[in-house]
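Before any comments, here is the structure.
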Number of protein chains: 4
Amino acid sequence: MTMIIRGGTVVNADRAFRADVMTFGDKIVAVGENLEAPHSARVIDAHGQYVMPGGIDTHTHMNLPFMGTVTQDDFFTGTAAGLAGGTTTIMDFVIPSPQQSLLEAFHTWRGWAQKAAGDYTFHVAVTWWDDSVREEMGILVRDHGVNSFKHFMAYKNAIMADDETLVNSFRRALELGAIPTVHAENGELVFQLQQDLLRRGLTGPSSHPLSRPPAVEAEAANRAITIAGVLNTPLYIVHVSCAESLEAIARARANGQRVYGEALAGHLVIDDSVYRSADPEFAAGHVMSPPFRSKHHQAALWHGLQAGNLHTTATDHCTFCAAQKAAGKDDFTKIPNGCGGVEERMAVVWDAGVNTGRLTPSEFVRVTSANAAQIFNMYPRKGVIAVGSDADIVVWDPEGTRTISAKTQHAKGGFNVFEGRTVRGIPSTTMAAGKVVFDRGVLMAEEGAGRYVERPAFVPVSAKS
Amino acid sequence: MTMIIRGGTVVNADRAFRADVMTFGDKIVAVGENLEAPHSARVIDAHGQYVMPGGIDTHTHMNLPFMGTVTQDDFFTGTAAGLAGGTTTIMDFVIPSPQQSLLEAFHTWRGWAQKAAGDYTFHVAVTWWDDSVREEMGILVRDHGVNSFKHFMAYKNAIMADDETLVNSFRRALELGAIPTVHAENGELVFQLQQDLLRRGLTGPSSHPLSRPPAVEAEAANRAITIAGVLNTPLYIVHVSCAESLEAIARARANGQRVYGEALAGHLVIDDSVYRSADPEFAAGHVMSPPFRSKHHQAALWHGLQAGNLHTTATDHCTFCAAQKAAGKDDFTKIPNGCGGVEERMAVVWDAGVNTGRLTPSEFVRVTSANAAQIFNMYPRKGVIAVGSDADIVVWDPEGTRTISAKTQHAKGGFNVFEGRTVRGIPSTTMAAGKVVFDRGVLMAEEGAGRYVERPAFVPVSAKS
Amino acid sequence: MTMIIRGGTVVNADRAFRADVMTFGDKIVAVGENLEAPHSARVIDAHGQYVMPGGIDTHTHMNLPFMGTVTQDDFFTGTAAGLAGGTTTIMDFVIPSPQQSLLEAFHTWRGWAQKAAGDYTFHVAVTWWDDSVREEMGILVRDHGVNSFKHFMAYKNAIMADDETLVNSFRRALELGAIPTVHAENGELVFQLQQDLLRRGLTGPSSHPLSRPPAVEAEAANRAITIAGVLNTPLYIVHVSCAESLEAIARARANGQRVYGEALAGHLVIDDSVYRSADPEFAAGHVMSPPFRSKHHQAALWHGLQAGNLHTTATDHCTFCAAQKAAGKDDFTKIPNGCGGVEERMAVVWDAGVNTGRLTPSEFVRVTSANAAQIFNMYPRKGVIAVGSDADIVVWDPEGTRTISAKTQHAKGGFNVFEGRTVRGIPSTTMAAGKVVFDRGVLMAEEGAGRYVERPAFVPVSAKS
Amino acid sequence: MTMIIRGGTVVNADRAFRADVMTFGDKIVAVGENLEAPHSARVIDAHGQYVMPGGIDTHTHMNLPFMGTVTQDDFFTGTAAGLAGGTTTIMDFVIPSPQQSLLEAFHTWRGWAQKAAGDYTFHVAVTWWDDSVREEMGILVRDHGVNSFKHFMAYKNAIMADDETLVNSFRRALELGAIPTVHAENGELVFQLQQDLLRRGLTGPSSHPLSRPPAVEAEAANRAITIAGVLNTPLYIVHVSCAESLEAIARARANGQRVYGEALAGHLVIDDSVYRSADPEFAAGHVMSPPFRSKHHQAALWHGLQAGNLHTTATDHCTFCAAQKAAGKDDFTKIPNGCGGVEERMAVVWDAGVNTGRLTPSEFVRVTSANAAQIFNMYPRKGVIAVGSDADIVVWDPEGTRTISAKTQHAKGGFNVFEGRTVRGIPSTTMAAGKVVFDRGVLMAEEGAGRYVERPAFVPVSAKS
Ligand SMILES: [Zn+2]
Ligand SMILES: [Zn+2]
Ligand SMILES: [Zn+2]
Ligand SMILES: [Zn+2]
Ligand SMILES: [Zn+2]
Ligand SMILES: [Zn+2]
Ligand SMILES: [Zn+2]
Ligand SMILES: [Zn+2]
């Protein structure tokens, strides 16, 4: 079926221009002024609105098993919430247990993701090392469309990767044409600081940020960057939350190294005063790692996006309800780490980024989809409004407003870190794979409609055939 | 007339892909695989080659009157040389004398440029200040398609702009939606160092770099950046030649400031050993400002391009013959400053950039045309292979080689700073405004075929009509 | 007459140790444990106290003629206030008008200073340039004990030194063995920002900091550093107030350049909220340049002192009464710039520095006297408790407290920027030139007792005679 | 017996001045002009010479057991060589094997050191961790005068300390008033790079520097700094060899952190071209870790000393003969790491530092003894010419020259990394503990005359008794 989005301003990473956008099936088939469409074509009016690539959230955890329970959002509710917010693709994480087969874990996650309403793809975590892991990384790249591997530098005594694993895995990724990514926090220091705080009786959620200060994050970022630099691999650092990590990235980039950084919507606008709330449930609701930081760090993150030292925006969407969070009410180290955001990211980044003049609309597209698509090799299928690209489109009403609340959100968990924030600039229509899945506040997400996105290995461009 | 470039790999700033490119008149009319073309269409075979946007040289001085003489290349020979090298657009400089009307100078330069074989546009220099200058800046922006103004921070007692002029002009540019640019060297220090060296009898060309050390450039860059930052204007710094200037740019950008930097092909590959040559003519032939620097600085400039702290590559093409250079044989400060390069830039940057793995082909396009077109508001007319864009195209043979020499160059002046360098990767065909102007070594440049490119003021993107 | 300070802990820049200190006449004659003193010796009990070199305030303006009026403190009241606070030497500024003879101005200031109660010496400002200035700089160094020259990079249309003057004067200082110093603010930007603010009707004192943002200071610091670096002179930057200036110093120092920085007691502990006071008199009372900054900058200044990137603490003591400040009530640019502090500096730096653990007592001595004495060639006459040194000594009671107030201060002007601050750690006794001039709250300053301190030119150390 | 050094220029860290120096027994008893000495006093003529504190080499390995063999220099020959070069105190390392008692190792080293001719003291390495180690650290500090603990971040599968050990040991040091020190290289990366090189057949000594690039050192330095910063301990980094490590130190210091750095004489003047020698024995003779670096890094290290970002100079004296070095002739990883230098350090640093104008004589004293004495709590017993200090004195002839050679050195091993270098500025007389041990080329070192120097824990200075 043909659809035509008429009269809007198309925004791509390189420019914005007046054009209609026509889709057929799941693809964009025409972009231009005053397109002729068949009579049967469904028309979406975009006058006074922007027409942008659907968002890519590079960092979510749907259906994540954790401490004997599981996150509130599964792949259906999570991707559906994303569609409501203009995000049409998520990048989730396969996290094998130490000693578990990567392939086995990959298939488990693939199974969970069958019900997804929007497109999805997977980073696969390397949480341990032996020859079988090396082997399975190859199979994942060659046969399963995985081109990024995740490493946790925190979470001692669990999934923490030591330097030996990092070195082995980064080098293997290089051989395979995959990109390593890291959660950068020095797990040993976190552990010691946690123990200190607990010993001193500081068991509440206000201890959480004290156990994970910026220096702890920056150290790990710098270490991962060094390893990548020495081995000559690119590197992607997830959820950069502080000025010091960002400086490590900027230093490496200024030295010619290919390092990419991700900022979370939450880190961009929420500060660490939340942990000092008198309401421990409220504070616990904000427990995630790295924690929210002071305003100084928020300003730095925006500068990073402006300068091109940070490249993507994501959410680390990982929802737990109050009952789950309560597991840590006597010991902050037992609070399940995670917050939502997949539904709010686009609007929050627009409101705090474009409305304030920090970002142009094209830069917004860059940091909400285009860069992600390029870094993770989904471009131009994703991340651009162009002929041949997936018909993943968000029609963006720059004057529309919404007051964010857990009461009205589509995601589950009953909590929202952006609670009460009124944003100007919201999706009026989201199209995914050529279908209207959200329109003027009505979500029409369809369970199982989402597709697994294969991401081929990186290969050098050659003019030869 | 329809032309079709068949079988190549199109390279844009965002990606490279197999596609044919069809042009009609002066525009690109189709880009796609296996395009159907009319039988009458002229076919250019691009198998095994890259098809890229024609180069934009952001910094040339054709027909420049200087010390009672004039540069060797006029707008015809200079732009023709550019076409032979794959550069289809030059950005030249209107340089009014102090007290001269900007408009008068602009029209003088427009007259000289009538004979250009390739497209051209002008930065206009602000070399003095009063209300008439303010007024004429407005006229140039509104009526003449000028959106960039140049300021010389060097050349004391001549065209040097002091801080008062910089402040006034930068602020005026902001009002008008134009971007200020600077030649960054502290003119007072250069003057004093020159006098010192002359006093000490060090009159030869080897004194030239000693009179313009990196710190002198970095100071001015930092000062211009501060002024731009305080006034909230963007800034473009021409011919960044040293690590210290680049660091000033990187610092500002990391702080969210919109600063852009230009690297010259010469600065990227030639080092300051040329000034220590036993042959004073050879040394004088390399006298330009800023001077060539040590290899340490070359490495830094490449890192700047990789990191996105530098954005464009140019040449400062400004050719003087040996007789002209000889004016300074007893006093290095009287050597006319300038070197060529408009013909060699693309090949030199490809060879030293892409062949070495420093840059991808897409990054090559970014720094040879796309960024320039975006920064100076000629995009997407220039800088991209896309439907509707100017048919300014270079078919690039990655296996072709050429040994650069003054003997075989198209530019005038009888000297070549890249003399003897063999590059791999050269244009096989250049198309400008839809016409083949260079093909397999044969230049078919036509006097007067070049067009003046109007560059409108910058305005915010709005979804409203 | 012999005096002996018994039982204290002597603190020098290199260490702290238990020792008695004996003086005779104006000199220290013995330092050691259990010194034997003549029966006639006056004994000062220092048990439980520190015995430190008298403070050196490197930056004061006593008796400064300004806008047809003169500062409240003359050399008697100003130095007396210093003695009450433990400061025994001030470094004041001779500020010739443009075109005025430096020598003439020097003698004028020497005349005013005759009444000083404490020792004093002069930086001489170079506010213009011609051969006579060059000549007189030589006379001042050779015949008058001046080894430092000051340059104002701000105050356009008044005493601002342009780059030409800076270059000439810095180079002359180098020849003479003198050190150049600068007030670093870009005068052109300050002027333009002031005009902007006035044009917009923002005429109150809250505009003062807006007209002098950190970037304006950092630019000038960086420029002076570059000039000094290119000419190979050392450089001393007065009243460094912001992180960005400090970074310029740290960068230069890390690159091996000999750059020194001064922090004002006020900048270390007072933030820019004072300018947002509802009481315009209060705000005007805090108008000085550079202005007070945000807490972020205060933290940076402390780090600078800890790291050795800043070297001295001073006050820029320059007192105006409310009536004088009122001259700018309708135009903030007409508020006489200046605040007091010569009396409070030592206690404020101790309280906020040593009590908090930021500085050790030895570091306190370094930044309150020893470094100043070394940088300005008064060492070891000043800045150390050692045999042969001047008997300028402060006995410091680390448990004594004082609540600072204009009501109880010895300085004039009726205003105190530290009003209401309670400090722990105060002088119990001040000895100047071997005489007790302040003891347990009683000031015994004697008009005219202060001496002019000649500071010889710097010469290389040689083992040869 | 009284001795008097007449007519020299005493150089301390804070200043240089003409004075005689009188000693009695092992102490300095008077410093002053024209001292009266008993007739019996032995007079040392120092006219035209400098009189400086004896050098402290903060980093030596005498008698080190290694790979079934032992270093060529034992505590007698090593300290004797030091005395010949003006170094009167060495700081050596007790290196327990993993699982070995620290106390047991300490006593072993104490036994070996009985024969020392010059004073010595020990850093004790923490190479593993459990409660007994924690306990023994306390005993060493309280009962044995140890206040510094060393950690190797390199040497995987041997003595490498992982983050857990670093965190535990740093924190324990803080409790005890001791300072942690680190050998900073990422052991995992070194190991992997070594394996890579060997796999590729690159088994010769030219592979040594390739296996330990600057980034590997900088990463570890940054990590140790972060751990120290988070735990709020000071930190001393041994043998800083590259710009990147130094930058990590400078960053931390600029942020107020108490980090100290040591430069080796060899790293200051020898570059990595030695590893590319055609003579593998010559190359192997230079194998030490970190390796010699390019000239860029040498310049940076000098800047570090000038800026106060580096504090001490040492040698890592650790001599192996050609036969020992030959153990690695087929595998560079088996070459015993180590070079000499204890005898040459003072002259090399003077010649390349003071003669070139990089350092003043006072700064020379700072970086060869005074800072070391202060950082490791031996001051003012060591590191200063003052009454009460140890009579460890070097009379320095600034015009004396010596051409360094293994043929004429006192140290053993038959190899000298400074071979053929002619230095100007050499010790004419060395006095240790009040005895002349070296005079005009004649070494009079006495086995067993050296004393163990106890270094008490650091405690806050208080005016209270
Ligand atoms: Zn994470
Ligand atoms: Zn996550
Ligand atoms: Zn220029
Ligand atoms: Zn130019
Ligand atoms: Zn000032
Ligand atoms: Zn002042
Ligand atoms: Zn070591
Ligand atoms: Zn060692």
Side-chain angles (χ1 to χ4, degrees), chain A residues 7-9 11-18 31-33 46-51 232 246-247 249-259 299-300 302-309 354 357-358 360-362 370 373-374 379-380 383-384 386-388 396-399 460-465, chain B residues 7-9 11-18 31-33 46-51 232 246-247 249-259 299-300 302-309 354 357-358 360-362 370 373-374 379-380 383-384 386-388 396-399 460-465:
Chain A
T9 297
V11 186
N12 276 329
D14 63 342
R15 64 176 175 127
F17 56 101
R18 295 299 162 98
V31 180
E33 290 191 75
H47 281 89
Q49 298 190 75
Y50 296 104
V51 179
N232 201 24
L246 179 54
E247 281 163 22
I249 294 172
R251 273 201 307 278
R253 289 184 57 82
N255 204 28
Q257 198 174 328
R258 303 303 173 130
V259 181
W302 284 109
H303 290 158
L305 291 171
Q306 294 172 311
N309 288 322
V354 180
R358 284 167 169 145
T360 64
S362 279
Q374 291 182 2
Y379 189 88
V384 63
V387 172
W396 196 261
D397 177 3
E399 299 306 331
V461 171
S462 165
K464 300 288 173 50
S465 47
Chain B
T9 297
V11 186
N12 276 329
D14 63 343
R15 63 177 176 127
F17 55 102
R18 295 301 161 95
V31 179
E33 291 191 75
H47 280 89
Q49 299 190 76
Y50 294 104
V51 179
N232 202 23
L246 178 53
E247 281 163 22
I249 294 172
R251 272 200 308 277
R253 289 184 57 82
N255 204 27
Q257 198 175 326
R258 303 303 173 130
V259 181
W302 284 108
H303 290 159
L305 290 170
Q306 294 172 310
N309 288 322
V354 179
R358 284 166 170 147
T360 65
S362 279
Q374 292 180 2
Y379 189 89
V384 64
V387 172
W396 195 261
D397 177 3
E399 298 307 331
V461 171
S462 166
K464 300 288 172 50
S465 47

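Computation of the quantities below employed the complete heavy-atom set of this structure, encompassing side-chain atoms and omitting hydrogens, waters and symmetry-equivalent molecules. Reminder, nothing fancy here: chain letters follow the sequence lines and each chain counts from 1.
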Query raised in the report: In terms of heavy-atom pairs under 4.5 Å with chain B, which of A:A254, A:A250, A:G308 leads?
Result: A:A254

Requested in this report: For chain B, find which of A:T9, A:L305, A:N255, A:D397 contributes the most heavy-atom pairs closer than 4.5 angstrom.
Outcome: A:N255

Query raised in the report: Which heavy-atom pair separates B:Q306 from A:G256 by the least distance, and what is that distance?
Result: OE1-CA, 3.4 Å

Query raised in the report: At their closest point, which heavy atom of B:P380 faces which heavy atom of A:R15, and how far apart are they?
Result: CG-NH1, 3.1 Å

Considering only heavy atoms, which portion of [X] lies under 4.5 Å from any heavy atom of chain A: side chain, backbone, both, or neither?
{"X": "B:Q374", "result": "side chain"}
{"X": "B:N309", "result": "side chain"}
{"X": "B:D14", "result": "both"}
{"X": "B:A16", "result": "side chain"}
{"X": "B:E399", "result": "side chain"}
{"X": "B:Y50", "result": "both"}

Query raised in the report: Can you name the residues that form a salt bridge (Lys or Arg N to Asp or Glu O under 4.0 Å) with A:R251, not counting sequence neighbours?
Result: none

Requested in this report: Using the test salt bridge (Lys or Arg N to Asp or Glu O under 4.0 Å), find all partners of B:R358 that sit at least two apart in sequence or belong to another chain.
Outcome: none

Query raised in the report: Counting heavy-atom pairs under 4.5 Å to chain A, which of B:Q49, B:R258, B:Q257 comes out on top?
Result: B:R258

